[in-house]
Number of protein chains: 2
Amino acid sequence: MMDYYDVSGCYILRPWSFKIWAEIKKFFTAEIEELGVEECYFPMFVSAKALNLEKDHVEGFAPEVAWVTKAGQSDLAEPIAVRPTSETIMYPAYAKWIQSHRDLPLRLNQWCNVVRWEFKNPQPFLRTREFLWQEGHTAFATKEESDKEVREILELYRRVYEEVLAVPVVPGKKSENEKFAGGLYTTTVEGFIPTTGRAIQGATSHSLGQNFAKMFEITVEDPEKRGQKSFVWQNSWGLTTRTIGVMVMVHGDDKGLVLPPRCANIQVVVVPVGITAKTTPEEEAKIYAYVEDIVKICKPAGVRAKADLRDTYTPGYKFNHWEMRGVPIRLEVGPKDIAKNEVRCVIRHNGVASQLPRDNLKKSLPQLLNQIQNDMFTKAKAERDSHLIRMERFEDGFVETLDKKNMILAPWCERVACEKEVKDRSAKIALAGEAADEKAPSMGAKTLCIPFTQPTENPIKPGVTKCFACEHKAVSYTMWGRSY
Amino acid sequence: MMDYYDVSGCYILRPWSFKIWAEIKKFFTAEIEELGVEECYFPMFVSAKALNLEKDHVEGFAPEVAWVTKAGQSDLAEPIAVRPTSETIMYPAYAKWIQSHRDLPLRLNQWCNVVRWEFKNPQPFLRTREFLWQEGHTAFATKEESDKEVREILELYRRVYEEVLAVPVVPGKKSENEKFAGGLYTTTVEGFIPTTGRAIQGATSHSLGQNFAKMFEITVEDPEKRGQKSFVWQNSWGLTTRTIGVMVMVHGDDKGLVLPPRCANIQVVVVPVGITAKTTPEEEAKIYAYVEDIVKICKPAGVRAKADLRDTYTPGYKFNHWEMRGVPIRLEVGPKDIAKNEVRCVIRHNGVASQLPRDNLKKSLPQLLNQIQNDMFTKAKAERDSHLIRMERFEDGFVETLDKKNMILAPWCERVACEKEVKDRSAKIALAGEAADEKAPSMGAKTLCIPFTQPTENPIKPGVTKCFACEHKAVSYTMWGRSY
């Protein structure tokens, strides 16, 4: 999947993981092209002047910005930042390109690398100093159009996770504390890692409102008030290689990786078995030919298959090799299978084995891959649901429930001060008696999102339902948890 | 196409030019996948230690390397380079991954950005401090396999230029002076820009020999001599966004850009005409409907078409708008055309106009686009050929011929010292009487390549034919010119 590298926080994406990224890219690119978004590429470098133009925004990123100060042996006159995100790179150009309503909407996307020099412990895929992403940056004449796009893109992010990666996510809105620096509001899809009981932000689609438009002076003439300028409404949205890490952690098991068929580089591996010292060269040739024939059946059926014909390894070694790499289906072919014109089929994610008639593989394999994709999603969703605990009062065991690797859905007042207090309180309780300061930030609970789909059973009664943590009235059911 | 940016040497690739890059990417990715090359991604940063490991190589790049020395407010313990190319980033991993013959061949490719902080005048697409490229890095057990791949990849580069971009190129080998720093030999496809009379390097496919393998200790056990290690044979090859610039310069004319159909974002633009003050709303609606209908015909025929229905611009304005942007075919639809069930068709690259029956567009448009693609290539090739002058002696007007915007094909001894001398001599003659020092580097002629296809008429007679510039014997006909 990946390999370590001698610059801390940077990792190598090997073909096995890069293929997953390529599948995500293929799916997402086709969808946004349908929406009318165009592809482009902006420079990676940004001058300090442009970077500093939006105050809240730069405060959010400044501590993590990498600076180029030298070229060859010469010091640069001005240090130049490597993009942590491209708002401040793109919007000066937007201000130039957008003059009238006819220039709107402007909807651009780029796939590129970005750098955030975090000092927290790096972790492959999840927290890396350089990562790959797509970033969409769009401008509209009205808030309505921009709001609509924020949700359309979020829906695509949900589909990337749920349809391509078989990972269930909760779409919702971020709290004020957790929203994008300098934006109006942030929407997110939130995932869950069962083994650690922690939530993870999957991808975000931001409404920037008119804030950046004001800083960068992106205006159009108001068609109703001649000579008057109005600011455009902007969005930005991004999906990173973190997706790969989330998928790995959600589906992986003791034997290693488990790949959902849709993003697997190899969906079916075919392994010859039952070759012993007594096997004649003719019998052996027959088995090898049968194996290769099955791979040939797969290609036109749209199945990515590979024969493992390495003669220096035992079948057991090969089984292990491909299990560890998460290939969804293993087909075994031995003399007995050939006699019955069958193959033995073993499914990676649940270990179920069966015999499949060879002549029907063209149909049965695509169906089975589809089935596996759905089963993996259903299983992951059931697991996630069983760890999303509804709770009405903090005192009902908020921290203990988190400690048991759960997320919590609770009625909340949506106040910034309340979120901060919950964070502090929960960290203190979790760490009572321990040497606390070091762990405190990660042990405090924070809001994950305010789900767009609110509970239908006993929903919030406006003005009646109380916040789970303070004396104010609740506004919505909000998801809380510990997070990556 | 592009826009300027406030960091010198960096430019914005707008959708109109990025689409060309996307088409190149699509073509090349499919072809190398067929060859068995896999996609991956390595970090952008490289430590000084790794960068300095191959001496000739680092000398070639060191003056142009951008260094990150700060993150946030902190100085980094060690400055870190931004990749100018990834040999020194990838090969430590190759040394780890490659242990036995079973790990070979290893063939990886990545699409990414690289930075070369040149201090010469930057030029959009052609000389930019950040650019996009693909870089392939492969390792083989034998020199034969590696030699074979060098040429296979070069052939793909030729096809990118000639088939996708309709730009003729000459495939050949670089001289010792011009080869890749640290490599064994370099092959190249060389283009020609008629307006300036200068040659331009299109893309390069390098044999690295065993040089990097020795520095990075990339070895396999020799199957014939137990316990003995042998070094692998490596190649690297790259194609950059410079391709776009070459295409623009080769095909552009006084009216602006001329796009070959295969890489045009919009291949056909349909413009309503003949709408006057006397046109009734019904007649107008009929014209608009006819225009939209033609766009609908195009899609299933695989033709990328767009209707320009903007009612605030005149047809003349629109003609100009799309001509400047290089759209290969303009269709005009007015009342007279509709009466005859025809459209008026104007071809961008040669201005030829004709009437096309509407009912046959599904067939005639794809054919016509194909024809345009071929015609543009043929025209560019004839132009290039007329500027490639064969010459037997330097004294026959070597510099005067270059001054007339030509390249020269001459019998050459292939000696390093001879190339240097020709460079100096030609610069001195070209600049005689002028304030010379500044211009000297660009006015000196250099070798472009030793073409793989040598002249068949009066070819080199080994041991007989003399070098055009010195008293040694000639080894090959070599292309000389001034270059970007």
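Throughout, a chain's letter reflects where its sequence line sits, starting with A, and its residues are numbered from 1.
- Under the 4.5 Å side-chain criterion, counting only non-hydrogen atoms from C-beta, A/Ile12 is in contact with B/Trp97.
- Scanning both residues, A/Val7 and B/Ser47, for their nearest heavy atoms gives CG2-N, 4.0 Å.
- With rounding to the nearest 0.5 angstrom, the OH atom of B/Tyr4 is 9.5 Å from the NZ atom of A/Lys96.
- In plain terms, the two heavy atoms of A/Pro43 and B/Tyr11 that are nearest each other are CG-O, 3.4 Å.
- Counting heavy atoms from C-beta on, the side chains of A/Tyr5 and B/Val46 come closer than 4.5 Å.
- Residues B/Val68 and A/Ala66 share a closest heavy-atom pair of CG1-CB, 3.9 Å.
- With a 4.5 Å cut-off on side-chain heavy atoms, A/Asn113 and B/Tyr41 count as touching.
- To the nearest 0.5 Å, the span separating CZ on A/Arg102 from OG1 on B/Thr312 amounts to 4.0 Å.
- The CD1 atom of A/Ile89 lies 9.5 Å from the SG atom of B/Cys10; values are rounded to the nearest 0.5 Å.
- Here the CG atom belonging to A/Asp3 is positioned 8.0 Å from the CZ atom belonging to B/Phe42, to the nearest 0.5 angstrom.
- Using cut-offs of 30° and 60° on the angle between ring planes, the pair A/Trp117 and B/Phe45 is perpendicular.
- Only the side chain of A/Glu130 comes within contact range of chain B, with at least one heavy atom under 4.5 Å from a heavy atom of that chain.
- Contact of A/Thr241 with chain B is not made at all, since no heavy-atom distance falls under 4.5 Å.
- Residues B/Met44 and A/Met44 share a closest heavy-atom pair of SD-SD, 3.3 Å.
- Within the 4.5 angstrom heavy-atom criterion, no atom of A/Asn109 approaches chain B.
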